[in-house]
Each structure stands twice: as C-alpha cells, then as structure tokens.
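This report refers to the structure that appears directly beneath it.
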Amino acid sequence: MKVMTALFGPTDAIERAHLLRDAGASGVFTFEGPHDVFAPLTLASTVEGLDLMTNVAIALPRNPVQLAHQAYDLALLTKGRFTLGLGTQVRAQIEKRYGAAFDRPVARMKEMVGALRAVFAAWETGERLDFRGEYFRHTLMTPTFNPGPNPYGMPPIYLGALGPRLTRATAEVADGLLVMPFGSKRFLHEVTMPAVRDGLVRAGRTLDDFAVVPEIIVSVGSDATAHAAARRLLAFYGSTPAYRPVLDVHGWGELQPELNALSKQGRWQDMGTLIDDEVLHTIAACGSPAEVAAHIRDRVDGVSDRICLYQPGPIAIDALAEIVDALAA
C-alpha cells in the first residue's frame, strides 16, 4: 500500500520530505491551513522519489488559469510527480474568510475542472482557448502567457468530496477522489463508493479509469493524553453541518449541533470532551503503529491501495516507518 503524509509548512519542507521518504512514504501532500498550500511542495519538489499533491487547494476563491500555471510548474519541477487536488471547503469559510461566492458549489467545481482542462489543452495542442461557462470564461491565451506542452504531461486533477452529489460529480469529471478524513469504514463503503460507481456509470467510465484515495486521521499513542489533539480535530470537523452525514450513519447526528453550539461560544477546548472513545476509534486510526495499520487496512480493503495519513500534528518518523512497514506486510 502506498502511503502519503503531510507537510505542514515551508520552513522545514525539504528536510521533512527527505525524512518522510526515507521512512517509506511514497508521497507528501499539503492542505490549506496556516500556510500557503503550494509553497512547501515547490520546495519539496527537489526531493527525488516522492509524489506530491495538494490535499486540498481550495478551488472556489481561485481562478482556473492561476491554478493551471501553478499545477503546470509543479508538474515540471517534479517531472510528472504532482497531482492537483482541489476542494470546495464550506460556505462559512468561503464567504467569510475568503470573501468569495459559494452558490452552487458542485456546479462550480465541475466547471472548474472543465476550465482547467481547456487551458491545459490550449497549452498542449496550441488550439485556441475558448471556454465559456456559467462561472468561468477564458477566451484569450497569447504566446507570452502560454508555456507550451509540458514534457511530463498535464497533472491529474483530483477533487475532495464528502456528500453524494459532489462525490458523483467528481467521479464524472475528475481523475480521482480524495476521500475526506472525517469518515469511517461504514460511510466509505455504504455512502461514498455507491456514489462513485453512480458517477462513473453516468460518465461511461469504470473504476479502472479513476483513483479513490482515502485520507484517514491518525493518532499514535497508548493513553488518553496522546489522543487529545485527535479528539479536538474530530470535534472541529463534527461541528460543521456538512460533516453531519458521517455522524448520522452511526446514529450520532445530534452530536453535531452540540459541537456547533460550543464552537459559536468559542469553547474550542471543551469540544474535544464530547468525542468519546467510540467516536474516536471509529473515525480515527488510533493506538500503536500496528493498530493504526490494522484500522487503515480494514477500512480501505477492496477500495484503494493508496492512502493519505492526516495527523493532528507531525507524526514521529519512527512511528511512520512502523505504520508503512505494517501496511506493506
């Protein structure tokens, strides 16, 4: 099984990428957190033998041409080892933090993929750029701004999704699905994969044409203190209405408004106390490296041979190596 894990920022990106590769990671990814999502990957592109991915870059506040240039350059720097992972985020973050529009996010994401492919095609073939959509319009690509064909090809486009509508749309138009980390084995097999198969059928595609990459929250340790950060992370996700369907599948739906109420009061530290052991161990892979690997293997069996480890904080290199070895066994 191929394992990708996180880079947390630009200051130690090269050093940490080397350590992660030597521990057995097949790749690294960044997420849209306190640092820019592309900068650490630009630095890590100098490290041979690692796949690189944004997981995810928030798409809706960005422009397709801007994203296309960033993806093209990373594909060039990595000699074809880069994947552009995009996500929608949630309404409050898009409208209040980014100051951008969030209406019809599924339609916007589908059109974003179409616009990116049109820009890539113009660069690859020299054909006239003429993309006219509801949200994006690109009709000019003069030679000054055209990098020409990429010798390593255009990067694949993966979309992060949780709900059935966006998951179906992802299977229709993208190269792969990044399964959101706030999930469970039951949600993956009973909700996510049926939506993937439905979207593929609509597009006349099969799973052979499409990558499914689950991301799993990991907390290594043997005591309650070790998992406190994981509980807070689950509480943060669980407070968001968009993630309630995962809780509903297990009969825990009423936890979401409780967490949401605490978040609105700014009681972030208190929220983690509502995540009991059953919720923790269902959504996150916790325990020793061997126990973490067993959870991961059980969750993704029959779905994927590639996973992303999402950590509340940087995982110890020796623990990562043990997880990778256990998954390879």
Side-chain angles (χ1 to χ4, degrees), residues 1-59 61-62 66-67 69-87 89 93 152 155-160 176-182 211 213-220 229-230 232-233 236-237 284-285 289 292 296 304 306-325 327:
M1 184 176 292
K2 292 184 176 181
V3 176
M4 300 187 74
T5 190
L7 288 179
F8 290 92
T11 55
D12 65 345
I14 297 175
E15 177 186 4
R16 183 161 176 81
H18 277 289
L19 291 172
L20 295 172
R21 181 198 61 188
D22 294 345
S26 64
V28 294
F29 63 87
T30 52
F31 59 94
E32 201 90 62
H35 298 285
D36 178 73
V37 72
F38 290 101
L41 296 180
T42 301
L43 295 167
S45 67
T46 62
V47 181
E48 297 288 340
L50 280 177
D51 294 332
L52 274 62
M53 177 167 64
T54 51
N55 186 12
V56 292
I58 305 306
R62 290 184 165 94
Q66 172 197 28
L67 281 169
H69 279 291
Q70 290 171 306
Y72 177 102
D73 286 348
L74 276 165
L76 196 63
L77 289 170
T78 60
K79 300 179 181 178
R81 292 179 284 113
F82 173 71
T83 296
L84 179 63
L86 300 174
Q89 248 294 353
Q93 295 290 329
Y152 305 102
I157 302 169
Y158 291 8
L159 300 184
L177 168 70
L178 298 171
V179 181
M180 291 290 94
F182 190 85
V213 184
E215 185 174 359
I216 299 172
I217 295 169
V218 167
S219 180
V220 179
R232 290 193 296 271
L233 179 62
F236 168 74
Y237 274 115
V292 167
I296 292 170
S304 182
R306 180 163 46 134
I307 55 100
C308 291
L309 302 184
Y310 186 113
Q311 310 134 56
I315 192 169
I317 296 299
D318 58 347
L320 173 66
E322 290 185 55
I323 293 170
V324 172
D325 288 345
L327 287 170

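This chain uses plain numbering: 1 for the first residue, then up along the sequence.
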Give the C-alpha distance, both sets of side-chain angles, the deciding distance and a yes or no for side-chain contact (heavy atoms from CB on, under 4.5 Å) between F29 and E215.
CA-CA 11 Å; F29 63 87; E215 185 174 359; 3.7 Å; yes

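- Counting only heavy atoms from C-beta outward, the side chains of V213 and L177 never approach each other to under 4.5 Å.
- Side-chain contact between F38 and L67 is present, with at least one heavy-atom pair separated by less than 4.5 Å.
- The nearest pair of heavy atoms linking V220 to I323 is CG2-CD1, 4.0 Å.
- Side-chain atoms of R306 do not come within 3.5 Å of backbone N or O of K2 as any donor-acceptor pair.
- Using bins of under 30°, 30° to 60° and over 60° for the plane-to-plane angle, the ring pair F8/F31 lands in the perpendicular bin.
- The shortest distance between side-chain heavy atoms of H35 and P10 falls below 4.5 Å.
- Two residues are said to be in side-chain contact when any heavy atoms from C-beta on lie closer than 4.5 Å; T83 and P155 fail this criterion.
- Of the possible donor and acceptor atoms, one in the side chain of S26 sits under 3.5 Å from a partner among the backbone N and O of V3.
- Residues satisfying the side chain to side chain donor-acceptor pair (under 3.5 Å) test with R16, not counting sequence neighbours, are none.
- Side-chain contact between L178 and M53 is present, with heavy atoms from C-beta onward closer than 4.5 Å.
- Side-chain N or O atoms of E32 include one that pairs as donor or acceptor with a backbone N or O of I58 at under 3.5 Å.
- The side-chain heavy atoms of V292 and I216, taken from C-beta on, include no pair separated by under 4.5 Å.
- Side chains of M4 and N55 form no contact here, defined as non-hydrogen atoms less than 4.5 Å apart.
- Using modelled atom types, no side-chain atom of T54 and backbone atom of L84 make a donor-acceptor pair closer than 3.5 Å.
- Tested against L309 for a side-chain contact (heavy atoms from CB on, under 4.5 Å), the candidates I217, V218, V324 yield a single pass: V218.
- The closest side-chain heavy-atom distance from R81 to E48 is below 4.5 Å.
- Without hydrogens or angle criteria, Q311 side chain to I315 main chain gives a donor-acceptor distance under 3.5 Å.
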